[in-house]
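Because the structure is a prediction, the values reported are computed rather than measured. So you know, we letter chains A, B, ... as the sequences are listed, proteins then strands, and number each from 1.
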Number of protein chains: 2
Amino acid sequence: MPRTRHDTFPAIPLPEAFDSERAKGDQLREILEAMVATEPPGTLLPSERSIAQRFHVARMTVRQAINELAARGLVRRAMGTGTFVAEPRVSHSTTAGSFSDDMRQRGLTPGARVISVREQPATVLVAERLRIAEGDPVVTLNRLRSADGVPMAVEQTRLPGARFPGLAALVTDDVSLYGVLADRWAVRVRTATHRVSAIVLAETDAALLDVPTGLPSFLIERTAYDEAGLVIEWGRSRYRGDRYDVVFDTTPD
Amino acid sequence: MPRTRHDTFPAIPLPEAFDSERAKGDQLREILEAMVATEPPGTLLPSERSIAQRFHVARMTVRQAINELAARGLVRRAMGTGTFVAEPRVSHSTTAGSFSDDMRQRGLTPGARVISVREQPATVLVAERLRIAEGDPVVTLNRLRSADGVPMAVEQTRLPGARFPGLAALVTDDVSLYGVLADRWAVRVRTATHRVSAIVLAETDAALLDVPTGLPSFLIERTAYDEAGLVIEWGRSRYRGDRYDVVFDTTPD
DNA sequence: AAGTGGTCTAGACCACCAA
DNA sequence: TGGTGGTCTAGACCACTTT
């Protein structure tokens, strides 16, 4: 009886077959991401070879999938030993899950005015960001976000339409998008990554925010993931720089 | 009109042979890195297949080498078109404890040029930030921070002089401030808080950074604490916005 | 000694893009 | 249509760690 060193990890969910329309590596990565999300830090993953055998793919394919998880800090490799679920890297401060949370943490009342909502086929760029196929339905939501009635940001966000059918009709003024996702689809954000760039506001956005054109501001690109590691949302928002700061903490290892 | 699509790149330096003691991919990556460093953004790299042929390695080996450059943002891949030297852009990450760590994590060499260093009595503002008494000695350090020789930020930082006597004389060009604190006083940063504001660069800072006045940029205010929760450092730095992003993750509770 | 991740090979087929 | 990057295969040998 072969007793392997990898019997600490629960059984791997094995799909009947991979969707031939999508890359095996991507599907495998999502499966592994879901596994990792449900296990505590330090849990040993199955070896690359055993995963490859189990899913009938080459080891190189497994490595490529795990590489992405390692790059995102979800797992940690140990030469000669194995691959482990990583300690969550935390930047604890305004650990806000959304604009609304963010504003409430600052003691302000969040607001949302819907500028437009529509469902369209995914372009190449959006498909890549949402990790769906080009042409799949995408809900594009444009909103003006405010705090205590003062416009703070022009928000554009996109969600996979196939996963949230009928979403477009549910988002109206002052509705919490994440509230809708939680109530209607029981989906919650587990992590979100942000990239902040420095910009000056263009005329259109400045007019919506009621500030001068050219105001130094932030472009914040945001990708939100659920428990399984699937992309729930990808968006780009412009925050006025005169009334908004980005605050975060760091804890060196 | 170019004859081939890949004649824009100069000849690749081909070593006599790879050092068998080191991984081919690593050596190849260094060669490619050197090439990329000498060419302007937008330059087309040789195709993966031609590099593989030239260096007598498998294409997968070339891809792995290029993957690392792409992950570090040095090159940009374009499906069906080729791989290009990227516009350099580094980002502030939440995992790094300092500017130097931040740059090193990205494979860049951090630099620091001391503009001025002096010891003065604390003003009301500085005393409050450092949690010392007004008039207590404060070391004020102005530095120009760079990555691979490219100026990235104008940094002003202040430390309590009473705690670090003689510090001013120890900080010279390319010296790690945190290294000095660790070696000489056994002080390490446990946490740091950051507040990022959107600004446009004033003439003086723009000149130091060698960018146009008015460039959209970041003002980052930073307070660092030691294990005991004492303030080690308070500073304000201006980061150029054209080559610098702020990246952070959030994990809602 | 056995198992692990790290590296590498020599192909293959695909989707994409420019001429 | 030819060249490109994207993906994948089915192996191989290595250095490393643990038993």
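Of the charged side-chain nitrogens involved, none lies within less than 4.0 Å of a carboxylate oxygen, so that B/Asp226 and B/Arg190 do not count as a salt-bridged pair. Using a cutoff of 4.0 Å between basic side-chain nitrogens and carboxylate oxygens, A/Glu48 and A/Arg63 are scored as salt-bridged. Salt-bridge annotation for A/Glu119 and A/Arg158: absent, with no side-chain N of the basic residue lying under 4.0 Å from a carboxylate O of the acidic one. For the pair A/Glu68 and A/Arg29, the salt-bridge criterion is met [side-chain N within less than 4.0 Å of a carboxylate O].
Each of C/dT9, C/dG5, C/dC16 was ranked by its minimum atom distance to the side chain of B/Val57; first place goes to C/dT9. For A/Lys24, counting side-chain heavy atoms from C-beta on, the closest listed nucleotide (C/dG5, C/dC17, D/dT9) is D/dT9.
Here B/Arg63 does not reach the OP1 or OP2 of D/dG5: none of its side-chain N or O atoms lies under 4.0 Å away. Using a 4.0 Å cut-off, no side-chain N or O of A/Thr61 falls inside it from OP1 or OP2 of D/dT7. In this model, the phosphate group of C/dG5 is approached by a side-chain N or O of A/Thr83 to a distance below 4.0 Å at OP1 or OP2. OP1 or OP2 of D/dT4 sits under 4.0 Å from a side-chain N or O of B/Ser47.
Taking atom CD of residue B/Gln64 and atom C1' of nucleotide D/dG6, one finds them 15 Å apart after rounding to whole Å. The distance between atom CZ of B/Arg29 and atom P of C/dG6, rounded to the nearest whole Å, is 14 Å. Rounded to whole angstrom, the span from the CE atom of B/Met79 across to the C1' atom of C/dA18 amounts to 15 Å. Atom pair B/Asp26:CG and C/dG6:P shows a separation of 12 Å (rounding to whole Å applied). The CD-P distance, from A/Glu48 to C/dG6, rounds to 6 Å in whole Å. Across the protein-nucleic acid pair, A/His56 atom NE2 and D/dA10 atom P stand 11 Å apart, rounded to whole Å. Across the protein-nucleic acid pair, B/Arg77 atom CZ and C/dA15 atom C1' stand 16 Å apart, rounded to whole Å. Rounded to an integer number of Å, the gap from B/Phe84 CZ to C/dA18 C1' is 11 Å.
Between the side chains of A/Arg77 and A/Asn67, at least one donor-acceptor pair of N or O atoms lies under 3.5 Å. In the model, A/Thr213 has no side-chain atom that pairs as donor or acceptor with a side-chain atom of A/Glu203 under 3.5 Å. When only modelled atom types and interatomic distance are considered, B/Ser100 and B/Arg145 share a side-chain donor-acceptor pair under 3.5 Å.
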Collect all protein-nucleotide pairs involving nucleotides 11-14 of chain C in which both atoms are nitrogen or oxygen and the distance is under 3.5 Å.
residue : atom : partner : partner atom : Å
C/dA12  : N6   : B/Arg59 : NH1          : 3.4

